[in-house]
Amino acid sequence: MKQKNKNQNERFPDANKYAKIARQRSRANTNRRKSRSRQTNNSTASKRTPNKPKPETSAPPSPVDTKLLLPPFLTVRDLAELMHHSPIDVIKKLMALGVMANINQSLDFDTASIVAEEMGFEVEEEKPDILENEEEKQDTQKTLRQRILETEKEENLQIRPPVVAVLGHVDHGKTTLLDAIRRTHVASGESGGITQHMGAYQVTLANGARITFLDTPGHEAFTAMRARGAQATDIAVLVVAADDGIMPQTIEAINHIKAAQVPMVVALNKIDKPNANVERVKQQLSDLGFVPEEWGGDQIIVPMSAKQGKGVEDLLENILLVVEIIGIKANPEGQCVGTVIEGRLDRSRGVTITLLVQNGTLHTGDSIVIGNKWGRVRAMFNDKGKPIKEALPALPVSILGFSEVPEAGEIFQVVPDERLARSIVQKRKAETQATKTQTTPTLTLDQIFDQVQQGKIKTLNLVVRADVQGSLEPIISSLEQIPAEEVHLKVLHKAVGNVTESDVLLAIASKAIIIAFRVSVDPAAAKLAEANGIDIRRYDVIYTLVDDVERALKGMLEPIYEERPIGKAEVKEMFHIRKVGSIAGSYVLEGYMQRNSIAKVYRQGQEVGTGRISSLKRFTEDVTKVKAGFECGIGVEGVPDLQTGDIIEGIEKVRVR
């Protein structure tokens with residue numbers, strides 16, 4: 001070792017000198033730190049009051065109020081903050097109760113209340129003032145308006161701009177009309193001149209009045225919003241081309257507007273076309289029950305040319321006239337609620353949602369709940385893309401701040417804080433999870449009489465589809481002649497052809513039953529109807545159709561059962577057991593055999609008897625079911641003379657109505 005050190009000293013002659021300097025610097029730095037520490041301690045001691053010695057331990061602050069208001073759901077962290085305790089204390093209490101949870105674990109009210117009471121608090125459940133989706137689905141826009149008018153004082157309500165939806169047949173000039181109103185060129189930017197998305201725009205007229213327009217891809221989107229819980233429209237403008245006249249989609253749009261129960265103004269477009277026939281279109285509308293004002297009726301019809309800009313001002317004046325008649329009000333200082341117009345995922349901005357405020361004022365930074373989603377308004381833009389800080393009633397805005405895209409038509413509501421927003425969303429998700437496997441029809445003929453007796457329904461809405469016009473007319477005539485004292489029968493839509501998605505959407509929004517006479521159901525419509533529990537009744541005989549509806553209204557609809565095979569077994573050998581009788585030793589070929597089910601016995605392909613499986617055994621044990629591939633003993637009550645080689649088919653009766 002000495003030799004090694006010697007060699008190092010020879011190679012680095014100044015090493016000892018540098019090491020000595022480093023040790024001196026280290027000791028000097030240590031002395032400086034000690035000196036500063038003594039000075040700090042002396043300075044602190046001199047500032048202390050002699051009569052107030054420093055406490056040895058600091059106790060955690062105790063809560064001032066022992067009463068605690070808890071939401072239906074909250075996290076461990078939120079519960080700890082409300083109680084002014086450490087999350088570790090809450091986790092320990094949960095572990096003592098047998099619940100393993102982390103700091104971000106969601107707790108329901110029952111669990112959180114037990115923990116809080118264990119820690120000395122009096123607990124009460126918080127009931128947030130929030131619109132529930134199921135309640136809104138009972139009666140869409142009307143419910144929202146009624147709720148606003150009922151909760152807001154009359155002196156606080158102010159006239160707000162109307163929300164106008166533009167509907168009509170494809171390529172009749174809906175977007176061109178909006179283009180003329182807004183003095184922009186939206187139509188030229190659409191694919192093929194047809195609207196591909198839903199937009200909302202607010203325009204200010206020369207007299208200072210404002211109108212909010214919804215440009216929709218069609219009446220399906222208009223009705224889909226009602227089906228999801230809200231109808232944002234105050235007035236509907238039906239665009240009809242003067243050269244084409246009333247088309248099938250025009251009639252569908254009219255029926256959807258009637259179902260929404262909103263006033264309608266007809267924009268008779270393309271009067272500049274050489275083949276335009278204004279009087280013919282007025283006659284068509286009159287035949288549908290919309291008699292023009294100049295003919296002594298009350299339907300407003302405005303001839304115009306959106307392309308040339310003729311009649312646009314007349315249309316706007318008539319819209320404002322309808323607004324004065326119906327009176328559209330809101331409270332800018334009240335609870336902020338509204339409707340989702342559209343939601344999309346933008347590559348640069350993320351989730352962008354277009355909202356229509358219907359009451360209250362929406363501010364940047366507000367926490368809002370939409371269905372089972374929540375978010376915070378990080379940024380807000382008007383329809384021209386300019387950033388704004390607040391949105392008054394009837395103003396459409398785009399917001400950022402959500403991680404998921406909501407569906408168009410859902411209700412949004414501002415809540416006080418993020419904690420309550422999370423709690424409401426967690427509660428709704430839990431309720432959805434609990435009921436997601438339960439799909440029951442919205443309204444079936446079987447349920448009508450009971451609901452009439454309970455006063456739940458007063459009108460039975462029907463959507464009728466038939467194979468030909470010659471069948472449709474007698475069906476409608478027969479239905480209208482059904483005597484019903486306690487319930488009113490209303491045909492929302494009647495048409496020739498298969499049942500479409502539009503029919504199902506109308507049925508969802510209006511809680512209607514679909515009658516299909518000698519027509520099929522489009523696959524997409526069938527899937528949508530099944531998902532939403534819509535009852536589609538198919539008939540081949542008009543008398544049966546009318547009789548079913550009439551008996552349903554009178555509460556006399558008889559249940560119908562259908563026999564469905566559940567399995568087959570082959571008799572291999574016969575046994576006789578005392579006190580039991582003949583038992584067929586059988587092998588189950590397919591499906592399963594079940595005790596007490598109906599059994600049909602076949603011999604050489606011919607049915608020889610029907611009875612009930614009164615006995616089913618595996619070896620010496622009684623069982624209720626034997627699956628395919630196993631042997632069993634079967635006793636059939638009512639068919640005593642079973643033979644080897646017979647086929648026993650198990651049958652179950654399934655109620656189909």
Side-chain angles (χ1 to χ4, degrees), residues 69-75 77-78 82 104 106-109 112 125-138 140-141 143-145 147-148 151-152 225-232 330-345 350-380 390-393 395-436:
L69 196 63
L70 296 181
F73 288 87
L74 76 168
T75 63
R77 185 196 303 274
D78 292 337
L82 288 173
N104 295 317
S106 177
L107 305 175
D108 58 19
F109 172 76
E125 186 174 6
E126 183 178 6
K127 300 292 185 181
D129 182 21
I130 186 77
L131 290 174
E132 292 299 335
N133 288 350
E134 292 303 320
E135 294 177 2
E136 285 303 309
K137 288 178 182 177
Q138 298 301 318
T140 61
Q141 174 66 7
T143 302
L144 182 57
R145 285 179 182 158
R147 182 184 182 280
I148 292 172
T151 56
E152 302 290 355
M225 292 181 66
R226 291 204 308 127
R228 294 191 185 110
Q231 166 58 37
N331 179 13
E333 304 298 327
Q335 174 66 52
C336 185
V337 293
T339 304
V340 176
I341 301 302
E342 69 171 346
R344 64 184 183 277
L345 184 60
V351 175
T352 305
I353 306 171
T354 303
L355 302 178
L356 179 65
V357 181
Q358 292 176 272
N359 193 65
T361 303
L362 183 64
H363 301 87
T364 304
D366 283 346
S367 297
I368 60 177
V369 174
I370 304 175
N372 59 357
K373 305 173 183 65
W374 74 276
R376 185 170 172 269
V377 183
R378 292 193 291 106
M380 187 160 51
E390 63 178 24
L392 295 170
L395 181 67
V397 292
S398 295
I399 66 164
L400 305 177
F402 272 68
S403 58
E404 299 176 88
V405 179
E407 290 187 278
E410 288 192 293
I411 296 290
F412 82 84
Q413 184 172 8
V414 173
V415 294
D417 51 48
E418 294 183 9
R419 181 181 61 82
L420 183 57
R422 287 196 301 268
S423 172
I424 293 167
V425 168
Q426 288 168 350
K427 180 182 178 182
R428 288 180 177 177
K429 286 182 177 179
E431 291 173 351
T432 303
Q433 185 71 20
T435 59
K436 69 178 181 179

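When every heavy atom of L69 is checked against every heavy atom of L82, the shortest pair comes out as O-CD1, 4.4 Å. Nearest heavy-atom pair, P406 versus I370, reported as atom, atom and distance to 0.1 Å: CB-CG2, 3.7 Å. Across all non-hydrogen atoms, the minimal contact from W374 to F402 is C-CE2, 3.4 Å. Minimum heavy-atom separation, H363 to V377: O-CB, 3.9 Å. In plain terms, the two heavy atoms of V351 and L400 that are nearest each other are O-CD2, 3.6 Å. Here the closest heavy-atom approach between residue P332 and residue T361 is recorded as O-OG1, 2.6 Å.
No side-chain donor-acceptor contact under 3.5 Å links T339 to the backbone of L356. Between the N359 side chain and the N331 main chain, a donor and an acceptor come within less than 3.5 Å of each other. Of the possible donor and acceptor atoms, none in the side chain of E342 sits under 3.5 Å from a partner among the backbone N and O of T352.
The distance from atom CD1 of I424 to atom CD of Q413, rounded to the nearest 0.5 Å, is 7.5 Å. If you take OG1 on T75 and CZ on R422, they are separated by 5.5 Å, rounding to the nearest 0.5 Å. Rounding to the nearest 0.5 Å gives a distance of 10.5 Å between CG of L345 and CD1 of I353. Interatomic distance, E410 CD to N372 CG, rounded to the nearest 0.5 Å: 7.0 Å. A distance of 5.5 Å separates CG of L362 from CZ of F412, quoted to the nearest 0.5 Å.
At least one side-chain heavy atom of L355 sits less than 4.5 Å from a side-chain heavy atom of V340.
If you run side chain to side chain contact (heavy atoms under 4.5 Å, CB included) between I368 and each of I399, V337, V415, only I399 comes through.
Remark: R419 engages no residue in a side chain to side chain donor-acceptor pair (under 3.5 Å) (not counting sequence neighbours).
The list of salt bridge (charged side-chain N to carboxylate O under 4.0 Å, His left out) pairs with a residue in residues 368-377, not counting sequence neighbours, reads R376-E418.
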